[in-house]
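Input: a single structure, listed below in structure tokens.
Just so we're on the same page: letters track the sequence lines, and every chain starts at 1.
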Amino acid sequence: MAAASKPIRPLMGRRFKRFPRAAILLVASLILGGCLSLRIDKVTDGAEVKPLPQEFAVGKTTLADILASYGAPADIVDMKGHFALHYQRSFYRGGQLSLSIPLSDVLRTSPKLDAAGNLLRYDAAVFILTPDGVLSEMTYENGIARPLWNTYWK
Amino acid sequence: MSYRTIVLGIVIITFLSGCAVFGRNKDFRPFDEQVLTQVKPGQTTAAEVTKMFGPPSQIIKLANGNAYVYDRTLSKATGVWLVLVTFANYDIQHDRMVFFINKNDVVTHYGSSFKTDTAAYGTPF
């Protein structure tokens, strides 16, 4: 009778207290078994590309002005008459999370989960010039300053 | 030594065992930035440019002539391999020179950027 009237709640509480320990043990065994891995990469290519100077103006700024301010471009593009100077810096961020449970001895398959994500952002300035070397168009993008997480999921 | 200390020691050793790698890759071209002062727009010819700096990495055909591009690269890589995590960082920087040459084979403009000195080892954070 005494056993039948034993309260249930403390038993459940004990089970829940044991749960975090079991979870920690499981995660630790996965980690130590080499089943969980994390990889983080960063690649920066090129030097800083500064914003467009305020004194630059279409129809006035020349090739010499641009070269004096920005130096040698990453790329020169012939546009059948006009030509473009392309300044660029790329910034790569990559991450990979891998989780697998080795059950091949017990089951025929081993569950495996891989999650990977990469984001490549650019700072770029493009100047389009007439054949005589006068600025006809310019544009700038500061992509590296954009937030990593929000930009990735956008 | 307590049981807890031993377990902690094993965990720390397990997580910190691994290796670190430092790499340096160079795409070398033997041009000297000091020689750049000898280039005079309106006077220096295309032949003199190639004599001073060697063959260009790239020649781009433009409406009013050509552009000679010289490019070399230095990349520095840092990698850390631990049991659980791998971190890798690459920094790639370039030395570049560009010469605009008109239809008479004379340099009209030139520009340069020497940034390989700024390539650095580091973490991906």
Side-chain angles (χ1 to χ4, degrees), chain A residues 24-25 27-28 30-50 62-99 127 129-133 148, chain B residues 7 10-11 13-15 33 36 41 57-71 73 75-100 102-103 108-120 122-125:
Chain A
I24 289 166
L25 195 66
V27 170
L30 287 171
I31 292 166
L32 296 176
C35 304
L36 180 67
S37 66
L38 175 70
R39 182 186 169 94
I40 295 171
D41 294 329
K42 185 178 99 174
V43 182
T44 310
D45 189 349
E48 184 188 356
V49 180
K50 57 185 178 182
T62 63
L63 173 61
D65 297 330
I66 297 166
L67 292 173
S69 178
Y70 281 80
D75 202 9
I76 301 168
V77 181
D78 175 31
M79 300 172 72
K80 310 281 182 194
H82 283 53
F83 64 98
L85 304 185
H86 189 197
Y87 295 87
Q88 181 177 283
R89 179 191 209 186
S90 68
F91 189 76
Y92 168 90
R93 278 261 186 209
Q96 183 177 2
L97 180 67
S98 184
L99 172 68
F127 301 94
L129 297 107
T130 65
D132 300 328
L148 175 73
Chain B
V7 170
I10 290 170
V11 169
I13 288 166
T14 306
F15 277 78
E33 60 181 290
L36 208 54
S57 316
Q58 194 184 5
I59 298 175
I60 298 161
K61 179 90 186 80
L62 300 172
N64 280 356
N66 297 310
Y68 285 12
V69 179
Y70 292 82
D71 190 342
T73 305
S75 70
K76 289 185 177 176
T78 315
V80 180
W81 280 261
L82 303 175
V83 172
L84 175 64
V85 289
T86 303
F87 302 123
N89 180 70
Y90 302 87
D91 189 7
I92 307 162
Q93 295 297 336
H94 304 261
D95 285 341
R96 289 191 181 110
M97 298 188 302
V98 59
F99 300 93
F100 288 87
N102 65 15
K103 286 183 175 172
T108 58
H109 302 85
Y110 72 90
S112 64
S113 322
F114 295 94
K115 300 289 183 184
T116 54
D117 288 348
T118 64
T123 64
F125 304 107

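With values rounded to the nearest 0.5 angstrom, B/T86 atom OG1 is found 8.5 Å from A/D41 atom CG. The distance from atom CG of B/L62 to atom CG of A/L129, rounded to the nearest 0.5 Å, is 10.5 Å. How far OH of B/Y90 is from CG of A/D45: 13.0 Å, rounded to the nearest 0.5 Å. Put simply, NZ on A/K42 and CZ on B/F87 are 12.5 Å apart, with the number rounded to the nearest 0.5 Å.
Note on B/V85, B/I92, B/N102: by heavy-atom pairs under 4.5 Å with chain A, the leading option is B/I92. Options B/M97, B/H109, B/K115 differ in how many heavy-atom pairs under 4.5 Å they form with chain A, and the most are formed by B/H109.
Minimum interatomic distance between B/G111 and A/A72 (heavy atoms only, all atoms of both residues): O-CB, 3.6 Å. Here the shortest heavy-atom pairing between A/P131 and B/A63 reads CB-CB, 4.5 Å.
Environment of CD in A/E48: sparse, with no more than 12 heavy atoms of neighbouring residues, nucleotides or ligands closer than 6.0 Å.
Within the 4.5 angstrom heavy-atom criterion, atoms from both the backbone and the side chain of B/N89 approach chain A. With a 4.5 Å cut-off on non-hydrogen atoms, B/F125 touches chain A through its backbone and its side chain both. For B/T123, the part lying near chain A is the backbone, with the side chain staying farther off; criterion is any non-hydrogen pair under 4.5 Å. Residue B/V69 touches chain A through its side chain alone, counting heavy-atom pairs closer than 4.5 Å. Contact of B/T118 with chain A is not made at all, since no heavy-atom distance falls under 4.5 Å. Looking at A/Y92, neither its backbone nor its side chain comes within 4.5 Å of chain B, counting heavy atoms on both sides.
Under the rule for a side-chain hydrogen bond (donor to acceptor under 3.5 Å, both in side chains), the partners of B/T73 that lie at least two apart in sequence or sit in another chain are B/H94.
Judged purely by atom type and a 3.5 angstrom limit, A/R93 uses its side chain to pair as donor or acceptor with the backbone of B/P124.
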Under 3.5 Å, sequence neighbours excluded: what are the donor-acceptor pairs made by side chains of residues 73-85 of chain A?
unit_1	atom_1	unit_2	atom_2	d
A/D78	OD1	A/K80	N	3.3

